[in-house]
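Bear in mind that the values here come from a model prediction, so they are computed numbers and not experimental data. Only heavy atoms go into these numbers, but all of them, side chains included; no hydrogens, no water, no symmetry mates.
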Amino acid sequence: MHEEIPPRLHVPEPAIRAGDTPDFSHVTIPRAGEVRRPDPDAKPEDMRDLAFSIIRVLNRNGEAVGPWAGSLSDEALKDGLRHMMTLRAYDARMLTAQRQGKTSFYMQHLGEEAISCAFQKALRKGDMNFPTYRQAGLLIAAGYPLVKMMCQVYSNEADPVRGRQLPVFYSSKEHGFFSISGNLATQYVQAVGWAMAAAIKGENKLSAAWIGDGSTAESDFHGALVFASTYKPPVILNIVNNQWAISTFQGIARGGAGTFAARGHGFGLPALRVDGNDYLAVHAAAAWAVERARLDLGPTLIEYVTYRAGGHSTSDDPAAYRPKEEGKSWPLGDPILRLKAHLIQKGLWSEERHSQAEAEVMDFVIAAQKEAEAIGTLHSGNRPSPREIFEDVYAEMPPHLVRQRHEVGY
Amino acid sequence: MHEEIPPRLHVPEPAIRAGDTPDFSHVTIPRAGEVRRPDPDAKPEDMRDLAFSIIRVLNRNGEAVGPWAGSLSDEALKDGLRHMMTLRAYDARMLTAQRQGKTSFYMQHLGEEAISCAFQKALRKGDMNFPTYRQAGLLIAAGYPLVKMMCQVYSNEADPVRGRQLPVFYSSKEHGFFSISGNLATQYVQAVGWAMAAAIKGENKLSAAWIGDGSTAESDFHGALVFASTYKPPVILNIVNNQWAISTFQGIARGGAGTFAARGHGFGLPALRVDGNDYLAVHAAAAWAVERARLDLGPTLIEYVTYRAGGHSTSDDPAAYRPKEEGKSWPLGDPILRLKAHLIQKGLWSEERHSQAEAEVMDFVIAAQKEAEAIGTLHSGNRPSPREIFEDVYAEMPPHLVRQRHEVGY
Amino acid sequence: MARMTMIEAIRDAHAVAMEADPDVVVMGEDVGFFGGVFRCTAGLQSRFGVQRCFDTPISELGIVGTAVGMAAYGLKPVVEIQFADYMYPAYDQIVSEAARLRYRSAGEFTCPMVVRMPTGGGIFGAQTHSQSPEALFTHVAGLKTVVPSNPRDAKGLLLAAIADPDPVIFLEPKRLYNGPFDGHFDRPTESWSKHELGEVDPGYYEIPLGKAVTLREGAAATLLTYGAMVHVALAAVEESGVDVEVIDLRTLLPLDLDAIIASVTKTGRCIILHEATLTSGFGAEIAALVQQDCFYNLEAPVLRVAGWDTPYPHAQEWDYFPSPDRVKRAIAKVMEG
Amino acid sequence: MARMTMIEAIRDAHAVAMEADPDVVVMGEDVGFFGGVFRCTAGLQSRFGVQRCFDTPISELGIVGTAVGMAAYGLKPVVEIQFADYMYPAYDQIVSEAARLRYRSAGEFTCPMVVRMPTGGGIFGAQTHSQSPEALFTHVAGLKTVVPSNPRDAKGLLLAAIADPDPVIFLEPKRLYNGPFDGHFDRPTESWSKHELGEVDPGYYEIPLGKAVTLREGAAATLLTYGAMVHVALAAVEESGVDVEVIDLRTLLPLDLDAIIASVTKTGRCIILHEATLTSGFGAEIAALVQQDCFYNLEAPVLRVAGWDTPYPHAQEWDYFPSPDRVKRAIAKVMEG
Ligand SMILES: Cc1ncc(C[n+]2csc(CCOP(=O)(O)OP(=O)(O)O)c2C)c(N)n1
Ligand SMILES: Cc1ncc(C[n+]2csc(CCOP(=O)(O)OP(=O)(O)O)c2C)c(N)n1
Ligand SMILES: [Mg+2]
Ligand SMILES: [Mg+2]
């Protein structure tokens, strides 16, 4: 036995911290079209390689290439661009509204728009997402009214959740969007349970679980993978790896694993790793996983590689812990610009059409905002009644709550 | 896209249930000596195959073969046999004592003796095990007095934990045996923390975490792997796969993963799978992992493949859920008989010597039992004082506990 | 009417509910093929199939977490935590999720489910097979907490819990599974077959949540209790010779405050008895309510008899488990006051 | 003496402790490089190195579970749970492990550690950034629970908690981090720099656990409170014009019962005030103790003012957060009684 070496605590550090110049040279990006596409009924053990590469469809010239291309019609592509532009405009307006004190808090999607917008298009009515706070694109792509979203953000009288939840914690059963919890990861295992229920009932519905890179460390992630691996219900286990968890880089959660997708291998789950800034790649991977689910082939784990270009929330300033320009040098680019380039390359779109669309989208968002603000904002206008504090704790209000409500006289 | 197939809940079932004839044909057992032995500093990604085979040293003829052979001296082998025989005799006596009402509860090791007995011999003073209730061999191999163990089982006045704990929940810091918790898996992540502390202090000590196949489903297992994968402290993560978790076969916890060892792959941890009924294989694998830890190469995950030949505990009757004869047909045989055969094959042992040793060991155990029972058993003799209820809740007894103790007048 | 132990009554409640409603599903550790370590789900898998009653991995988080998803889908999961002492890994899913889903989604998503768990001591189970964590649930808005004390109530309350549109924590005093243990560990325990409350209607019936029952009328003092302690209380009262009214709360939340106030107003004296540790136990809440609502009727301080503020020991089982003697001392004391 | 906010005082306590004892290590989510989302550990990593102050994966179970192992090894981990609302995943490790290790090993293994967590509302954080779970800790034998109400106490109590040989839950009222908010949300909040208790000794000092402090002497009634409510209480009492004695409990367990009894015996009237939900909140335990030990001195029922028994809402923040008006109504009521 060799000479002993006293142990050290190995604390992973990002390559670069605030102040330094951004560097993503350690991130290896395969060429678009390079990664193979197995049949959806292929065995998990025969596709482990897919957890260590990145499925990409759009190349530098905006062309859609390789076996994962072609899952969307021209119209669908244009819709996708509009959805992403709408989400970005919506984020911009809500961020400003929060700064203006119209609400308490906001969380944006900057750079991650493709993931939720494209994924939703692979689902159908009856399917259910169990999202985090950074997948509002699921609602926009599902056609949920912006005004309702804004009323929730403003916690006004028309807020569907009656002012009870933090801004962006939306809920819409009809649009396949499960009520958001402020507790990270808890919904991940619930999604598995929802899919188990569909399996028990033998109904052709699937669920999609959502989690961030940092949150995969939570216990619910394990519970979800264990139950999914055992009962093989129709669930898609999504991991959005946007490189950061507030100030903590993804290396702290990932540890010695090469990738987050690889977590699936310990459970015999098929695992894909996808370019999260490539609308076409996200949709193709989602559609592949959806097909598996609809054929009762069980769960699929998908890691989306992206970058959180904005702050974690309005309470966060990333300048304190990472280079200001890091976002710009992110090698996978901007999802909106990449889809735009693709549409132009296909002759479906132009610079003029795009600036026009930007204006249209912004008008649309502003109109919705006017409507929402006409009802009220967090501190002014029509606000939810204090009575709402006591409603919906139980289906029927028990005596002690009636007593407490009377004490305040409403 | 093909015709949809409505989902079903896939509930794993054991090949055989109570009443049927045992069948382990689905368990593939590689020949002894077949599995390669990488250098301890080999990269985890270069040894994934080791999680899908079984490291075995003793072959059918009792010979030690292959690259994992030769980690133990003749004397050490004879000690090992005595430790396993002692544990088995101890179990037999304590089971009877429980049936006689001398204590409330007992848990035996039948068939699993090699794992804890051999593993302990790879450690040294200063290292710490975080065991479950089925690794008493760690204490026996470390030379912990049987009388003390029995006093704990009897919860008598000399019980080192003062009658507070369920039988077999031993504790001995001096012998590197962490206090056992009745909550499954909780100690697994604590072992990682203990190793992190050694790393923070730069002290050459390691910890060994222990868990059963069924308990790998618990959240603490994930927490342990996440922190171990991130900080790479000197910890050995042991999984004892004895095929059963009370009435639940290992397929429910394992799900779609080929093996429990494979769980490590999602975390980039080196993972070994070992014949748990082969004293030499267990020791060789443990020594390999210990060497990695002592060279600051970080954690190792080891799955021991074995079979719980007895009931889960004295509260359990396996006849209700598995074939009576299943244990006998377990393909990896009996750890004591296999080591005995090896010693005989090496000319170090004989049938006569063995029966003589059996008698000696039994006398030794009975003598200890007499001594322990002379002090007391759960319901008779010298029992711990009721005052003990109030001691050690805190270092210093706070006023409200003093008040409660006075209320009972002791 | 049929004679049942508490185990049989709980098993029967499951079967009746699963028969009546195809959306009722049962899962937990060892509950499927084996029928549970206490046999409370025995026979359900063979009768209703592996899709409606199945074994789970050993993850209380997973059991409750997936149950929340199932309930949101529209099923009615009835899950077993093998011992209440092992509910902690599921506590986040119970408190942060099951209890709040209706509220945070304004009724759009709900969580009708029952989480069953054996509780309490008296079986030499030491600190991890003896706990009574009810106060950790009564502090959580959105949960209901039920503790039956006999087979008849166990079935009726469990059926009411399964029918309830919100999450219900159902705590089963394991020491009562086979008979009404009264704390006299040195005497043989009577079996339910000889006890009136072991007579159970084999059909469907509910005992409403939130309603206490007076098991012994009395004028001298009021003894409020639940679960295993009900039988300790009755024994102690008989032995004390004092005319104490004994009320079995049955449901802790919602609490039957009217019944409590009516009795204490009548007697002017009140004792609360539970197994759980004293400090911040549910007895604290009851005492706080009683002194507030019956202040001008109280002739003595409200007394609490409870488990000591320590982990539950093994060898000292009977010095920990609240005994009839401790209750008798409290009765004497409250009568002096 | 130096002027400090509560954040600076907590940061300073860490630094002083780490300076004094090389075995003190600090970990948690975002506590390392960034210094914590509330900046309570800012500067510690650069000063003491990445081995003594580091970021953890987002696993409260892992944070506390590894801390238990570290404490058993001989270190003194001081860990941060980012918000008390997120402690539930760690609850099993806290309750089943940290709290019981000394007991179950008869003192062979111990768990000296501090689990810090920001608590309470008043910041529009809604149900997952506003909770006050202290009663979920006070019910657990083996834990100590501390809630400071100002920078000076925060530093002295945290140093005492770190020095304590047993696990201590350290709850930091986040609404007080930057100033003594008194519940008047429509008025500017004074900053600690203008407040006497913002004057903090830069050296090492301990404020003993288990000792309450009387912040305002009074003869008419006793108001028992802790954390953010201390300042609401003081404001309400001034506005009420009633001569109410205000006691800051500082430590909930062990509780300074002598100080409580002395005051209530003197005043004969008692109000308990906390942010946590009413039912089974810590106020229940205090009320139960007071009515028992001061029964013959009480001239009115002990009253509790607490958070409603609902999850913590967002838009209705100021209808939920216990207001000076609610406290004044309670003062008027207890004086009538
Ligand atoms: C159980 C729990 N712990 C901690 C937090 C605080 N918190 C909110 S978001 C966040 C970071 C999450 O990072 P990640 O999972 O990568 O998602 P992202 O924000 O990057 O989308 C943390 C620590 C929480 N909300 N819940
Ligand atoms: C948290 C928790 N849940 C459930 C139990 C009850 N229980 C005790 S042992 C056991 C089975 C454990 O099986 P396994 O991990 O395979 O270990 P083995 O008994 O086979 O050695 C169960 C479910 C427990 N002790 N703790
Ligand atoms: Mg992230
Ligand atoms: Mg097992």
Residue by residue, scan residues 72-85 of chain C and write down, ordered by number, those that have a heavy-atom distance under 4.5 Å to chain A; if none do, write 'none'.
C/Ala72, C/Tyr73, C/Leu75

Any residues in residues 127-138 of chain A near chain C, with a heavy-atom distance under 4.5 Å, and which are they?
A/Met128

Below 4.5 Å from any heavy atom of chain C, which atoms of A/Ala191 appear? Answer side chain, backbone, both or neither.
neither

Backbone of A/Ile180 reached by a side-chain donor or acceptor of C/Arg104 within 3.5 Å
yes

Here the pair of heavy atoms bringing A/Tyr394 nearest to C/Arg102 is C-CD, 3.7 Å

Heavy-atom distance under 4.5 Å to chain A: side chain of C/Val25, backbone, both or neither?
side chain

Close side-chain approach of A/Lys201 to C/Asp23, heavy-atom, < 4.5 Å:
yes

Report the option among A/Ala195, A/Pro398, A/Ala198 that has the most heavy-atom pairs separated by less than 4.5 Å from atoms of chain C.
A/Ala198

Please report the interatomic distance CG(C/Asp164) to CD(A/Glu396), rounded to the nearest 0.5 Å.
9.0 Å

Check whether A/Leu401 gets within reach of chain C through its side chain, its backbone, both or neither, counting any heavy atom under 4.5 Å.
neither

Audit row: C/Phe109, A/Lys173, side chain to side chain contact (heavy atoms under 4.5 Å, CB included) steps and yes/no:
CA-CA 7 Å; C/Phe109 294 96; A/Lys173 192 172 204 166; 3.7 Å; yes

Side chain, backbone, both or neither of A/Pro160 within contact of chain C (heavy atoms, under 4.5 Å):
backbone

Counting C-beta onward and ignoring hydrogens, is there a side-chain heavy-atom pair between C/Leu257 and A/Pro399 closer than 4.5 Å?
no

Residue A/Leu166 versus chain C: region with a heavy atom under 4.5 Å:
neither

Taking the cut-offs as 6.0 angstrom to the six-membered ring centre and 45 degrees off its axis, would you call A/Arg164 and C/Tyr103 a cation-pi pair?
yes

Contact class of C/Leu289 relative to chain A, heavy atoms under 4.5 angstrom:
side chain

Answer with side chain, backbone, both or neither: which region of C/Ala141 has an atom nearer than 4.5 Å to a non-hydrogen atom of chain A?
both

Charged N-O contact under 4.0 Å between C/Arg100 and A/Asp392
no

Chain C: which of A/Asn183, A/Asp159, A/Val192 shares the most heavy-atom pairs with it under 4.5 Å?
A/Asn183

Would you list the pairs meeting side-chain hydrogen bond (donor to acceptor under 3.5 Å, both in side chains) in which at least one residue belongs to residues 48-66 of chain C, sequence neighbours left out?
none

Testing the basics here: between A/Ser181 and C/Glu97, what is the closest heavy-atom pair and its distance to 0.1 Å?
OG-OE2, 2.6 Å

Let's test your reading of the structure: which of C/Asp258, C/Val64, C/Asp92, C/Leu101 forms the most heavy-atom pairs below 4.5 Å with chain A?
C/Leu101

Show your reasoning for whether side chain to side chain contact (heavy atoms under 4.5 Å, CB included) applies to C/Phe54 and A/Met196.
CA-CA 12 Å; C/Phe54 52 91; A/Met196 285 170 70; 3.9 Å; yes

With distance as the sole criterion, is a donor-acceptor pair present between the side chains of C/Gln93 and A/Gln190 under 3.5 Å?
yes

So which residues of residues 222-231 of chain A are in contact with chain C at a heavy-atom cut-off of under 4.5 Å?
A/Gly223, A/Val226, A/Phe227, A/Thr230, A/Tyr231

For the student: nearest non-hydrogen atoms of C/Gly62 and A/Val189, plus distance:
CA-CG2, 4.2 Å

Is C/Pro165 close to chain A through its backbone or its side chain, or both, or neither, when contacts mean heavy atoms under 4.5 Å?
side chain

